[in-house]
Amino acid sequence: MNGPLSEVNMSEAPMCRIYDRDLLARLMKRTGTGARLTTRDLASVAGLPHGTVGALLNGDQRFISRDKAQRIAAAIGVDLMVVFVPCERAGRVFVDTTAPMAVPA
């Protein structure tokens with residue numbers, strides 16, 4: 001991957017970028033209910049393949065559909081924006097909607 005926001009080929013679904021994979025790992029150690037979730041546990045509760053959760057945690061995957069991101073956030077008991085950043089699609093590149101935009105002079 002090149003740069004902070006790399007070109008990806010995904011569907012038109014609203015997307016999110018993981019904010020901090022280390023934070024996700026810490027939140028999995030103690031969820032909103034006080035339980036500890038393994039990668040497989042989180043995947044099962046969120047209805048996702050365990051490889052998807054693993055790829056988010058190890059940095060191989062940075063973007064995920066908003067629906068999947070919401071399921072992960074709900075499973076660990078936090079709001080979506082604690083762990084994920086909503087992104088908008090601009091062509092084939094996802095744009096971080098929370099990042100400051102440079103304004104041409």
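All values below come from the heavy atoms of this structure, side chains included, with hydrogens, waters and symmetry mates left out.
Using a 4.5 Å heavy-atom threshold, the side chains of Val85 and Tyr19 count as touching. Inter-residue side-chain proximity for Cys16 and Phe63 is flagged as unmet; no heavy-atom pair is nearer than 4.5 Å. Looking at heavy atoms from C-beta onward, Leu57 lies out of side-chain contact with Ile18 at the 4.5 angstrom threshold. In this structure, the side chains of Ile72 and Leu56 come closer than 4.5 Å at one or more pairs of heavy atoms.
Leu37 approaches Asp41 most closely through the heavy-atom pair CD2-CB, 3.6 Å. Closest approach of Cys87 to Arg66, counting heavy atoms only: O-NH2, 3.8 Å.
For Arg36 (side chain) and Met28 (main-chain N/O), no donor-acceptor pair under 3.5 Å exists by modelled atom type.
Distance check, rounded to the nearest 0.5 Å: CG of Leu27 to CG of Asp22 gives 11.0 Å. With rounding to the nearest 0.5 Å, the separation of CE in Met15 from CD1 in Ile64 is 7.5 Å.
Screening residues 67-82 for side chain to side chain donor-acceptor pair (under 3.5 Å), with sequence neighbours left out, gives Asp67-Arg71. Residue pairs that meet the side chain to side chain donor-acceptor pair (under 3.5 Å) test with at least one member in residues 23-35, sequence neighbours left out, are Thr31-Thr33. Each side chain to side chain donor-acceptor pair (under 3.5 Å) pair with one or both residues in residues 42-53, not counting sequence neighbours, appears once here: Arg40-His50.
Residues passing the side-chain hydrogen bond (donor to acceptor under 3.5 Å, both in side chains) test with Asp20, sequence neighbours excluded: none. Residues forming a side chain to side chain contact (heavy atoms under 4.5 Å, CB included) with Val45 (at least two apart in sequence, or on another chain): Ala75.
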